[in-house]
Amino acid sequence: MAVNPVGEKGFGMRRVVLAAAFVVLAPAHCPIPGFGQTGERRPAQAGRFVEKRRIAPVMSAAHADWLTRPERAREEQPDRVVAALKIPKGAVVVDLGAGVGYFTWRLARQVGPSGKVIAVDIQQRMFDLLARNMTERGIENVAIVLGTDQNPRLPEGEVDLVLLVDVYHELAYPGKTMERVRRSLKPGGRLVLVEYRKEDPTIPIHPLHKMTVEEARAEIEPVGFRFHELMSFLPMQHVIVFKPDRP
């Protein structure tokens, strides 16, 4: 399979796929790069803080094996998540922050040959690993996009669903990124965040890699979204669904 990198205007190809995972979470004991010993504040314009929430650093592709750890299937239940979203065949789906494509190939199979998945990441190494993963699995309906920390390079008004799995909390410029996401969605499209529950201190994930539902709503609703649904079937994560705040 030839997996084609595309830019903002390069979505005219026959087959396209969107992937998700700008970064992955770190367990509680992992060091958090990008912050000093005292956790000193970085300038807001550097994208390190949003309101009262400190933005988590992006996980390096050097630790990409964390994305395919054996226990992830049990902890995050990816097949169940995809099934719960009830994505129709032929849909256009974005996997934003796709990483190595852990959710991408599942989304590609869900939408079928008539559908498209756009897989976005901001690291070239992740981009390369994702392309290899799709090729090895024989997935042909994926377009891999190398985005930036402010622009995921999505087509406007063409997308049915944008999925971010363990990603939103690491977006350096969440407001700018969500504005681009909102523009990409069709009327009635959905934005879906999967985030570890910050409300539960017993979940063994570093606090920077968790979010509460209230934090997510406080940041996303002002950018032109409305809260639609909360799914709570996962052992440690929320599945939070938003829709564009327009007809």
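Numbers here simply count residues along the sequence, with the first being 1. Only heavy atoms go into these numbers, but all of them, side chains included; no hydrogens, no water, no symmetry mates.
Of all heavy-atom pairs spanning Ser114 and Gly90, the tightest one is OG-CA, 3.4 Å. Here the closest non-hydrogen pair linking Leu193 and Ala216 is CD1-CB, 4.2 Å. When all heavy atoms are compared, the tightest approach of Arg180 to Pro152 is CB-CD, 3.7 Å. Nearest heavy-atom pair, Leu130 versus Gly101, reported as atom, atom and distance to 0.1 Å: CD1-CA, 3.2 Å. Nearest heavy-atom pair, Arg106 versus Tyr102, reported as atom, atom and distance to 0.1 Å: NH1-O, 2.5 Å. Between Leu191 and Leu164, the closest heavy-atom pair is CD1-CD1, 3.5 Å.
Taking CG of Asp149 as the reference point, atom CG of Leu171 lies at 9.5 Å (rounded to 0.5 Å). With values rounded to the nearest 0.5 angstrom, Thr135 atom OG1 is found 9.5 Å from Glu140 atom CD. Note that CG of Asp166 and CD1 of Ile205 are 8.0 Å apart. Values are rounded to the nearest 0.5 Å. Atoms OG1 and CZ, on Thr212 and Arg197 in that order, are 12.5 Å from each other to the nearest 0.5 Å. Taken to the nearest 0.5 Å, the CG atom of Asn133 stands 12.0 Å off from the CE atom of Met126. One distance of note links OH of Tyr168 with CG of Leu96; it measures 11.5 Å at 0.5 Å rounding.
Between the Gln110 side chain and the Ile87 main chain, a donor and an acceptor come within less than 3.5 Å of each other. At least one donor-acceptor pair under 3.5 Å links the side chain of Lys210 to the backbone N or O of Ile203. Counting only distance, with no hydrogens or angles, the side chain of Arg54 and the backbone of Leu208 share no donor-acceptor pair below 3.5 Å. With Arg153 contributing its side chain and Leu146 its backbone, the two residues share a donor-acceptor pair below 3.5 Å. In terms of modelled atom types and a separation under 3.5 Å, the side chain of Ser184 and the main chain of Val181 share a donor-acceptor contact. The main-chain N or O of Pro244 is found under 3.5 Å from a side-chain atom of Arg226 such that the two form a donor-acceptor pair. Not one N or O on the side chain of Arg109 forms a donor-acceptor pair closer than 3.5 Å with the backbone of Trp105.
With a 4.5 Å cut-off on side-chain heavy atoms, Pro174 and Val223 do not count as touching. Put simply, the side chain of Val81 does not reach to within 4.5 Å of the side chain of Glu76, judged on heavy atoms. Annotation: side chain of Ile240 is in contact with side chain of Phe227 (closest heavy-atom distance under 4.5 Å). Between Val111 and Asp160 there is no side-chain heavy-atom pair separated by less than 4.5 Å.
Just one of Glu215, Gln237, His209, His169 meets the side chain to side chain contact (heavy atoms under 4.5 Å, CB included) condition when paired with Glu195; it is His169.
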- Message: For a salt bridge (Lys or Arg N to Asp or Glu O under 4.0 Å) check, start with the C-alpha distance between Arg72 and Glu75, then their side-chain angles and the critical distance, and finish with the verdict.
- Response: CA-CA 5 Å; Arg72 188 176 183 188; Glu75 293 172 352; over 6 Å; no
- Evaluate the side-chain contact (heavy atoms from CB on, under 4.5 Å) criterion for residues Glu199 and His238: first the C-alpha distance (whole Å), next the side-chain angles of each, then the deciding distance (0.1 Å), finally the verdict. CA-CA 10 Å; Glu199 295 91 338; His238 305 293; 2.7 Å; yes
- Message: I'd like to know whether Glu219 forms a salt bridge (Lys or Arg N to Asp or Glu O under 4.0 Å) with Arg53, so could you lay out the CA-CA distance, the side-chain angles of the two residues, the decisive distance to 0.1 Å, and finally the verdict.
- Response: CA-CA 10 Å; Glu219 293 182 24; Arg53 180 178 66 87; 2.7 Å; yes
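More than 12 heavy atoms of other residues, nucleotides or ligands sit less than 6.0 Å from atom NZ of Lys89.
Ion pairing between Glu214 and Lys198 fails under the 4.0 Å rule for side-chain N and carboxylate O.
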